[in-house]
There are 2 protein chains.
Amino acid sequence: MGFLGNAPRLDGLIERLESANGLDDLQILIEELRDQYGVDHIIYHWVNSSGEQYGCGTYDLEWVNRYVEKGYLRIDPVIQGCYQRFHPVNWKRLDWSSKSARALMKDAIEHGIGNQGFSIPIRGPNGQFALFSLSHNCSDAEWEEFTETNRRDLILVAHYFNQKALEFEPGRTPEPAQQLSPREIEAMTLLAIGYSRAQAADTLSISEHTLRVYVESARFKLGAMNTTHAVARALSRGLIVV
Amino acid sequence: MGFLGNAPRLDGLIERLESANGLDDLQILIEELRDQYGVDHIIYHWVNSSGEQYGCGTYDLEWVNRYVEKGYLRIDPVIQGCYQRFHPVNWKRLDWSSKSARALMKDAIEHGIGNQGFSIPIRGPNGQFALFSLSHNCSDAEWEEFTETNRRDLILVAHYFNQKALEFEPGRTPEPAQQLSPREIEAMTLLAIGYSRAQAADTLSISEHTLRVYVESARFKLGAMNTTHAVARALSRGLIVV
DNA sequence: ATTCTACTCCCCAGAAACTGCGAGGCCGGG
DNA sequence: CCCGGCCTCGCAGTTTCTGGGGAGTAGAAT
């Protein structure tokens, strides 16, 4: 495996990131970045709701396909952990206690991902969630020092990467991010925290019929099939908070 | 009004941010930061839909109270605009066309907020949304140059600010995050993407009754009142990804 | 001035979900 | 070996949700 290189000059890189003109440019930049940092892999991974997710990075296609096919997305502690965190995290600090997680790690190491990793969670509008991760093969101490040294730069790079990816996003939700009205938000929030329609209506001091109108209206705006679906969408788009 | 100062040394500041030990420290740091940058105001503002929101910064209390009382939160183009954006934004670029928005701007200028502003949206887990904003009184050109020059540093500062604010947040869920079984996850996921129980059962090639057992089991594990509640909890805990 | 959006209320019938009961097989850990 | 967790299936009765009507107010936007 390669050596951890010196920290590259960020200014030029970010400028080139800002002037990137398509997903291909991002792929080129990410490879360059990997070489400059001297790590084994860097990946930017858009973890999207609708299944169609975009990613670019230096993993081989084989591993990516394997990852998707095996449904690793659902058990990967990196995903699970970063989803609950704000700050970047060293993979070693995550919870690898479950059997499936350890199987995943073993499989990953066998596919040359490396035994160390560092992931930066990034969140955008409408509940967008992405990860910017570096992986490498080295000792714990080396990795700890590397991530400590480059943490700030990496946060910035991850940020700019996501900004670009958002610009190029293919599936810019055709619906222009329908906003919910205040009452609709209240209604959906109450349902999301477990109230029945009757309870929610009571809490808002309105008739259950009225509450139903809000829920239906929200369901329509969100393009949802039923109440549960609507609450799920409202949550993933960050329209309501539980 | 003051002068736009030179960019401060970030390293020391971020280190002090990282070792901040309470909300008071953040208040001290934000005032210092304002003086170093030579802008009129800097505020960090946690925008929570549930009403209880934390903020620190250099606005006078009078303006903050006025802002809340007048319900400006709901009409402020800064909030609205940043909520839909990922990248920091100059207030001049926002949509001030509505009457209420212009009234807000007029009111703000009269209260000494300044005619220029720059806001960085920040998002955390569970739909957390915060703003880190600077405001000042100067010409468009000056402000444009200032924000261009300091954009990257400010993004980083905003990031670390939010990290600290999250640490100090009172309402951290202590619950040990019950895991769901694979089948339960599948069932909940299907419900979350809008399938009815019958459809979901069909998709998994099991009877509807069986599916129901999974949902009930998941509901129990999550301490949820009903299916909608369970799906909402599973989503916010990152147990399922829609 | 008119249109539009948000908010409020009402009825009804059919579809779907919830509650509570019970049952058997499979697998891994103590 | 037994217990517990997971996966699978069934019935019956009650409650809730859904989707189709209609109708009026107030405030903001054009």
Side-chain angles (χ1 to χ4, degrees), chain A residues 74-75 97-100 102-103 176 178-192 194-234 239, chain B residues 70-72 74-77 80 95-104 176 178-192 194-232 239:
Chain A
R74 304 214 177 280
I75 53 171
S97 61
S98 96
K99 191 183 296 182
S100 53
R102 278 195 304 273
Q178 270 283 24
Q179 287 282 0
L180 298 183
S181 79
R183 277 312 224 191
E184 284 161 359
I185 291 178
E186 288 180 292
M188 300 300 284
T189 304
L190 290 174
L191 295 185
Y195 285 31
S196 71
R197 294 202 304 198
Q199 287 175 310
D202 206 49
T203 304
L204 297 178
S205 303
I206 55 177
S207 79
E208 190 185 331
H209 301 102
T210 304
L211 185 115
R212 227 179 57 194
V213 174
Y214 296 145
V215 177
E216 273 175 47
S217 161
R219 206 170 49 219
F220 180 76
K221 286 184 179 176
L222 297 165
M225 308 290 290
N226 51 48
T227 302
T228 300
H229 191 196
V231 168
R233 289 206 157 172
L239 300 174
Chain B
K70 290 235 176 187
Y72 280 159
R74 301 221 174 276
I75 53 171
D76 192 339
Q80 307 283 329
D95 173 26
W96 296 93
S97 62
S98 96
K99 192 184 296 182
S100 51
R102 278 195 304 274
L104 161 59
Q178 264 278 24
Q179 285 285 353
L180 298 181
S181 80
R183 274 315 221 191
E184 285 160 359
I185 292 179
E186 287 180 295
M188 300 299 284
T189 304
L190 291 173
L191 293 185
Y195 285 33
S196 70
R197 294 202 304 199
Q199 287 176 309
D202 206 49
T203 304
L204 298 179
S205 303
I206 56 177
S207 79
E208 191 185 331
H209 303 277
T210 303
L211 184 114
R212 230 179 52 195
V213 174
Y214 297 145
V215 177
E216 273 174 44
S217 162
R219 207 167 50 215
F220 180 75
K221 286 183 180 176
L222 296 166
M225 307 291 290
N226 52 48
T227 302
T228 300
H229 191 197
V231 167
L239 300 175

Side chain to side chain, B:Leu222 and B:Leu239, heavy atoms closer than 4.5 Å: yes
Spell out, as yes or no, whether a donor-acceptor pair under 3.5 Å connects the side chain of A:Arg233 to the backbone of A:Gly223. yes
D:dT18 OP1/OP2 closer than 4.0 Å to side-chain N/O of A:Thr227: yes
Tightest non-hydrogen contact, residues A:Asn226 and B:Tyr195, listed as ND2-O, 4.0 Å
Tell me whether B:Thr189 contacts the main-chain N or O of B:Ile185 through its side chain, where contact means a donor paired with an acceptor under 3.5 Å. yes
May I have the step-by-step check of side-chain contact (heavy atoms from CB on, under 4.5 Å) for A:Ile206 and A:Arg183, ending in yes or no? CA-CA 11 Å; A:Ile206 55 177; A:Arg183 277 312 224 191; 3.7 Å; yes
What integer distance in Å separates A:Phe220:CZ from D:dT18:P? 16 Å
Over how many whole Å does the gap from B:Asn226 atom CG to C:dC18 atom C1' extend? 9 Å
With respect to the phosphate group of D:dC17, does any side-chain polar atom (N or O) of A:Arg219 fall under 4.0 Å of OP1 or OP2? no
As a quick check of understanding, evaluate side-chain contact (heavy atoms from CB on, under 4.5 Å) for B:Met188 and B:Leu180, giving each step before the final call. CA-CA 9 Å; B:Met188 300 299 284; B:Leu180 298 181; 4.3 Å; yes
Between B:Ala232 and A:Ala192, what is the shortest heavy-atom contact and its length? CB-O, 3.4 Å
Expected string for nucleotides 25-30 of chain D under the B/S/- scheme (protein heavy atoms, under 4.0 Å, primed atoms plus P, OP1, OP2 as sugar-phosphate) is ------
If I take atom CG in residue B:Asp202 and atom C1' in nucleotide C:dA16, what distance separates them, rounded to the nearest angstrom? 16 Å
Checking the side chain of B:Thr203 only, and the main-chain atoms of B:Gln199 only, is there a donor and an acceptor separated by less than 3.5 Å? yes
When the distance from CD of A:Glu216 to P of C:dC9 is rounded to whole Å, what number comes out? 15 Å
Whole-Å distance between D:dT18 P and A:Leu222 CG? 13 Å
Distance in angstrom units between B:Arg197 CZ and D:dT15 C1', rounded: 12 Å
Nearest-angstrom distance from the residue atom CE of B:Met225 to P of D:dT15: 16 Å
Would you call B:Asp76 and B:Leu104 a side-chain contact if the rule is heavy atoms closer than 4.5 Å? yes
Nearest whole angstrom, please: distance from the C1' of D:dC17 to the NE2 of A:His229. 17 Å
What does nucleotides 4-11 of chain D look like as a protein-contact string, B for base, S for sugar-phosphate only, - for none, at under 4.0 angstrom between heavy atoms? --SSBBSB
